[in-house]
Every structure is written in C-alpha cells, then in structure tokens.
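A short worksheet on the structure shown next.
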Amino acid sequence: MGTTQSKTASEPIIFYNQNVPLQFSQGLVDSLETKKQAATSSENNTRPEDIEAIVRQRVAEKLEHAKAEAEKDHQQAYSALAKSNLEKDYNSVALGTDIENMIQRIQRTTRKEIPAEIAERQEAVVACYKKNASRPLDCWEEVEEFKEAVEKAQKKFVAAHQ
C-alpha cells in the first residue's frame with residue numbers, strides 16, 4: 001500500500017500558490033543567454049559584402065549550369081545533324097556543288113540599278129534630314145515625293161512583267 005505513489009510522474013506539477021518563488025540554476029540561465037546571443041549575433045553577422053559574395057557565387061553556379069546545358073544542347077544538335085547528313089549521304093563534294101549552285105542563283109538575281117528619279121528623291125530626303133536634324137518632321141514633302149517616285153517605279157515594273 002505505501003510502496004507506490006498515488007500520482008504518476010507524467011502529470012505536471014501545479015503550484016496553486018503564485019507567491020512561491022521559482023529558482024533556476026545559474027548554469028541554465030547562462031546556457032539560455034549564450035544561445036540567445038549566438039542566435040542574434042549570427043543574424044547580425046551577415047554583412048552586405050557577405051551577401052554580395054553569396055549572390056555572386058550563386059550567379060556563377062547558375063551561369064556554369066546554363067553553359068553546361070547549352071553545350072549539351074549544342075552537342076545533341078551537332079550529333080543529330082551529323083546523323084542526318086550521313087543518312088542523306090552528304091559529303092564535301094556534294095556540298096561544294098550545292099554551294100556553287102546557290103552562288104550562281106544569287107548572282108543571277110543581282111540587284112537592278114535604282115532609277116535616277118528615285119535616287120534624286122532619296123538624296124533630297126537625306127539632305128533634308130541632315131539639314132533639319134532637330135526637326136525631321138519638316139521633311140514631309142520630300143518624303144512624300146520619294147514615296148510617289150517609288151510607287152510610280154513599282155507600277156512601271158509590274159506593268160512591264162505582266
């Protein structure tokens with residue numbers, strides 16, 4: 001009967017008298033104070049230079065990652081192109097003839113000479129813009145004359161090729 005306590009240890013101890021003084025050991029108080037100081041000092045130790053260094057490091061890491069991804073994509077595209085060239089049986093001789101054919105097509109479609117009237121109107125517009133650099137809207141008449149000359153030349157070209 002008297003060998004066990006009537007209350008278990010898991011129940012909290014409640015003091016009904018609020019005038020009972022609570023005492024804590026000095027070691028507990030010192031431990032709590034050092035933890036509090038360590039937490040506040042670690043938050044305040046982050047200087048702008050440290051933050052900038054961290055940001056630079058993260059940016060450098062992201063840049064390296066992006067470069068690696070770009071290199072990987074480049075290698076994949078290159079290997080796919082090489083594979084398709086092998087499938088189509090392209091070689092340096094065939095590519096050389098293709099390039100020569102393209103050059104000949106480009107040379108056949110050389111640019112025609114600009115009609116004299118359009119060249120004169122173009123020079124007038126350029127001269128007006130140079131003269132009125134701060135007021136380009138004053139050149140509206142020259143621009144309209146240039147547009148009309150171009151439109152007339154376009155109609156003449158279309159009529160000649162119908």
Side-chain angles (χ1 to χ4, degrees), residues 12 22 24 26-162:
L22 296 176
F24 299 105
Q26 190 61 34
L28 176 65
V29 172
D30 292 340
S31 171
L32 292 174
E33 284 180 357
T34 56
K35 285 182 182 178
K36 181 180 176 183
Q37 289 174 354
T40 57
S41 67
S42 67
E43 292 173 0
N44 293 338
N45 276 347
T46 322
R47 298 182 312 220
E49 297 86 17
D50 295 339
I51 293 172
E52 185 177 345
I54 292 170
V55 169
R56 285 179 192 253
Q57 179 185 5
R58 288 184 184 166
V59 167
E61 289 171 0
K62 292 289 185 179
L63 183 62
E64 288 297 319
H65 179 70
K67 284 181 181 179
E69 287 292 320
E71 183 63 28
K72 179 181 163 188
D73 292 343
H74 181 268
Q75 289 294 337
Q76 288 176 349
Y78 182 77
S79 63
L81 183 61
K83 182 179 178 183
S84 70
N85 283 345
L86 286 175
E87 291 171 357
K88 294 179 182 178
D89 195 31
Y90 281 154
N91 56 29
S92 62
V93 175
L95 288 176
T97 57
D98 287 346
I99 291 172
E100 289 297 324
N101 291 339
M102 281 189 228
I103 290 172
Q104 289 175 358
R105 275 187 275 158
I106 291 172
Q107 287 175 349
R108 276 186 270 161
T109 58
T110 57
R111 199 200 256 184
K112 304 287 183 196
E113 285 295 318
I114 298 175
E117 183 181 359
I118 294 176
E120 290 173 11
R121 302 288 184 213
Q122 183 180 13
E123 289 175 13
V125 169
V126 170
C128 182
Y129 279 148
K130 286 181 180 178
K131 179 181 172 186
N132 299 314
S134 63
R135 297 178 50 102
L137 294 178
D138 289 345
C139 300
W140 69 272
E141 291 174 342
E142 287 82 358
V143 171
E144 287 299 320
E145 291 173 358
F146 176 72
K147 284 182 180 179
E148 290 172 6
V150 169
E151 187 177 348
K152 190 189 312 180
Q154 284 177 342
K155 287 180 183 178
K156 185 178 173 183
F157 177 79
V158 170
H161 288 85
Q162 282 184 341

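Contact of the K156 side chain with the K152 side chain is not registered, since no non-hydrogen atoms from C-beta on lie closer than 4.5 Å. Side-chain contact between I118 and P115 is present, with at least one heavy-atom pair separated by less than 4.5 Å.
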Side chains of residues 74-82: which donor-acceptor partners sit under 3.5 Å, not counting sequence neighbours?
unit_1: Q75; atom_1: NE2; unit_2: E71; atom_2: OE2; d: 3.1
unit_1: S79; atom_1: OG; unit_2: Q75; atom_2: O; d: 3.2
unit_1: S79; atom_1: OG; unit_2: Q76; atom_2: O; d: 2.9

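To the nearest 0.5 Å, atoms CD (E120) and CZ (F146) are separated by 12.5 Å. Rounding to the nearest 0.5 Å gives a distance of 12.5 Å between CD of E33 and NZ of K35.
The two residues C139 and N132 have their closest heavy-atom pair at SG-ND2, 3.7 Å. Contact detail for Y129 and P136: the closest heavy-atom pair is CE2-O, 3.6 Å.
With T34 contributing its side chain and D30 its backbone, the two residues share a donor-acceptor pair below 3.5 Å.
For residues 136-148, the side-chain hydrogen bond (donor to acceptor under 3.5 Å, both in side chains) pairs, not counting sequence neighbours, are R135-D138.
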